[in-house]
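Chain identifiers are assigned alphabetically (A, B, ...) following the order of the sequence lines, protein sequences preceding nucleic acid strands; residue numbering begins at 1 within each chain. Please read all numbers here as calculations on a predicted model, not as lab measurements. Hydrogens, waters and symmetry mates are skipped; everything else that's a heavy atom, side chains included, is used.
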Amino acid sequence: MNSAINETKTDKIFKVFNYTFLLLAMVIVLYPLIYIISASVSDPSAVNSGEMWLFPKGFTLEGYELIFQNDLIWKGYLNTIFYTVLGTSINLLFTLPAAYALSRKDLVGRNIFMGIFVFTMFFGGGLVPSYLLIKSLGLIDTIWAMVLPNAVAVWNLIVARVFFQVTIPKELEEAAEIDGCTNMKLFVKVILPLSTPIIAVMALFYGVGHWNGYFNAMIYLSSKELYPLQLVLREILVLQSMTSDMAGGAISGSVAEAQNSKEELAQIIKYGVMIVSTLPIIIVYPFLQRYFVKGVMIGSVKG
Amino acid sequence: MLLDAKKNVRKKKVKKILRNWELYLFLLPTLAYFIIFHYIPMYGVQIAFKDFVPSNGIWGSEWVGFKHFTHFFESYYFWDLIKNTLGISTYELLVGFPLPIILALAINEAKDGLFKRSVQTITYAPHFISVVVMAGMIIAFLSPATGVINHLIVALGFEPIPFMSDPAWFKSVYVFSGVWQGTGWGTIIYLAALAGVDQQQHEAAIVDGASRLQRIWHINIPSLVPTMIILLILNVGSILSVSFEKILLLQNPLNMDSSNVIATFVYKAGLLDAQYSFAAAVGLFNSVISAILLVVVNQIAKKKSETSLW
């Protein structure tokens, strides 16, 4: 459709406005991101005094050096990688087979199962009963508290189910049945190889969730050796600055000194840790983008 | 005869179930997960009506009726919590709901492939920033002495604003940081709906001399209405459960007046102060109101537009 020929004046004005609007949206989103990158390699005093606006000023990698020397960050990083890999594997292992089963029209009782799952989207026991459950299961302060409570997300289950419904031709299942292929074989040998887009989407969504999650860790973990990166970041980015904003000059002596040196450290590394913690997602994101848009669209339009 | 037919249907069903036994095996772990991690806590919610003593267990603790609920309703912070929770989420709804629609309509009009894709890639990106990093960014950018936003305000000749310690600013900070992070991602679902619009309608409208704005108004927006209604219902249903992870991270004693919401209150009362039964009662109050809101809005939507969740 080429409408350039009969473009009227109002259409042209509209076009200009539209492109300006989109450009503005891009700038608003991009500016803080570029600012963080620049600030992470700039002299902290230039950043704090407002001399640095867009491009790095007083280039230094000191912040990153400190980050890489910090044991807590390293440990948190490794823990997060571990939780993400283990958690995402569990997610996929639970979600994909169930979603496939639910996508089959010949599954007796699929609506009942769906109902049981969907109901939890709208009503739940809440924070305290969930916490008591995890406690009585003996999962407090174990790695399982990080991966089991979120083993399946209903929304992802629905998206995956719709994907199987829309993209897997029924004839394939019928043919397999006539050939005497079992459902298990069918799923592993035929369905899964055809489903890379949805596997990628699910892995990305669940993986990002594990990578970015802090709340479960905050309420269920008490030993620092198990802390994921986000919880370490919380101490650097949120708790530090709160005490500095709050306490003012009220603290005295050695406490203040310890606090101050910690604070200075936090000042230097705060932009760096934002980058370092988000880096893996930034790296994976472009590769998976074409998949996730497709996956979300399939799930949302026909769901 | 009828009985026979019924028997036949049942036999067929049993046969179907037996033939697909593996599919039930596929469902089993997920079913077990939901029963253990979602339905058992629902059973556990009864501690809201009990004086829960951990050593006695959920079942063994003593019933006390609505004691914890009345305690909550009569407490001095009750109306503050309601006001903050509703205030933040309606604010968020009013600002955050229309923006993805507008952005999606605008992106949809950008026919140029590379530019369009750049806008999408860039505006989606903040969605993947963790809530902790987001909170860190907000605190760093808004700091009165060192934040870039206050540097700008000062450069323009105004007084710096203590965003994070002034309760008057908390709601706006929360809502607009959410807009920055979520608007781009929120367009995906609308763009999908727009991609489904019949091109013939547009062609016919062009022949009739419709301008682009007219076509957006009369073709594109109406085609988004069902999606809008579904998302609106879902948003209203979660109006009492504002994403409290971010609030918790941004909260400090100075902005407490406007940042204390039901969810953060439950967290503090339940997990930090171990008032299990009381916090469970507050949480239950929250979920019940949410569920009622959801049903009511769904019903209204069904009547007015024939689009609904169920």
> Checking ring pair (Phe, Tyr, Trp, His ring centres under 6.0 Å) for the pair B:Y124/A:Y285: CA distance, chi angles, key distance, verdict?
Replying inline: CA-CA 10 Å; B:Y124 292 170; A:Y285 173 74; 7.7 Å; no

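Contact count against chain B (heavy-atom pairs under 4.5 Å) is highest for A:V108 among A:I281, A:T278, A:V108, A:T182. Of the residues considered (B:G147, B:G270, B:A110), B:A110 shows the highest number of contacts with chain A, using heavy-atom pairs under 4.5 Å. Each of B:T123, B:L31, B:I35 has some count of heavy-atom pairs under 4.5 Å with chain A, and the biggest count is that of B:L31. Ranked by heavy-atom pairs shorter than 4.5 Å toward chain A, the options B:G283, B:A279, B:S287 are led by B:S287. Interface check for chain A: of the options B:T30, B:V45, B:V133, B:L25, the most heavy-atom pairs under 4.5 Å are formed by B:T30. Most heavy-atom pairs under 4.5 Å with chain A, from the set B:L213, B:I40, B:T121: that is B:T121. No other option in A:A25, A:G213, A:P32 has as many heavy-atom pairs under 4.5 Å with chain B as A:P32. Chain B forms the most heavy-atom pairs under 4.5 Å with one residue out of A:G109, A:G125, A:A39, and that residue is A:G125. Among A:D106, A:L23, A:L33, A:L102, the residue making the largest number of heavy-atom pairs under 4.5 Å with chain B is A:D106. The greatest number of non-hydrogen atom pairs below 4.5 Å with chain A, out of B:V148, B:I107, B:V119, is found for B:V148.
Here CD1 of B:I36 is found 10.0 Å from CD1 of A:I134. Values are rounded to the nearest 0.5 Å. Between atom NE2 of residue B:H38 and atom CZ of residue A:F117 there is a gap of 10.0 Å, rounded to the nearest 0.5 Å. Between the CZ atom of B:R212 and the OG1 atom of A:T10 there is a distance of 10.0 Å, given to the nearest 0.5 Å. Rounded to the nearest 0.5 angstrom, A:I116 CD1 and B:Y39 OH are separated by 6.0 Å.
Here the rule is side-chain contact (heavy atoms from CB on, under 4.5 Å) with A:F94, and of B:F34, B:F26, B:Y33 only B:Y33 fits it.
Side chains of B:Y24 and A:L107 form a contact here, defined as non-hydrogen atoms less than 4.5 Å apart. Looking only at side-chain heavy atoms (C-beta outward), A:V128 and B:F278 stay at 4.5 Å or farther from each other. Looking at A:L127 and B:L271, their side chains come closer than 4.5 Å, going by heavy atoms from C-beta outward. Proximity of B:V288 to A:F123: side-chain heavy atoms (C-beta onward) are separated by under 4.5 Å at one or more points. B:M42 has its side chain within reach of A:T120: a pair of non-hydrogen atoms, C-beta onward, lies under 4.5 Å apart. Side-chain atoms of B:F115 and A:M26, non-hydrogen and from C-beta on, do get closer than 4.5 Å to each other.
Looking only at distances, no side-chain donor or acceptor of A:N183 sits under 3.5 Å from a matching main-chain atom of B:W21.
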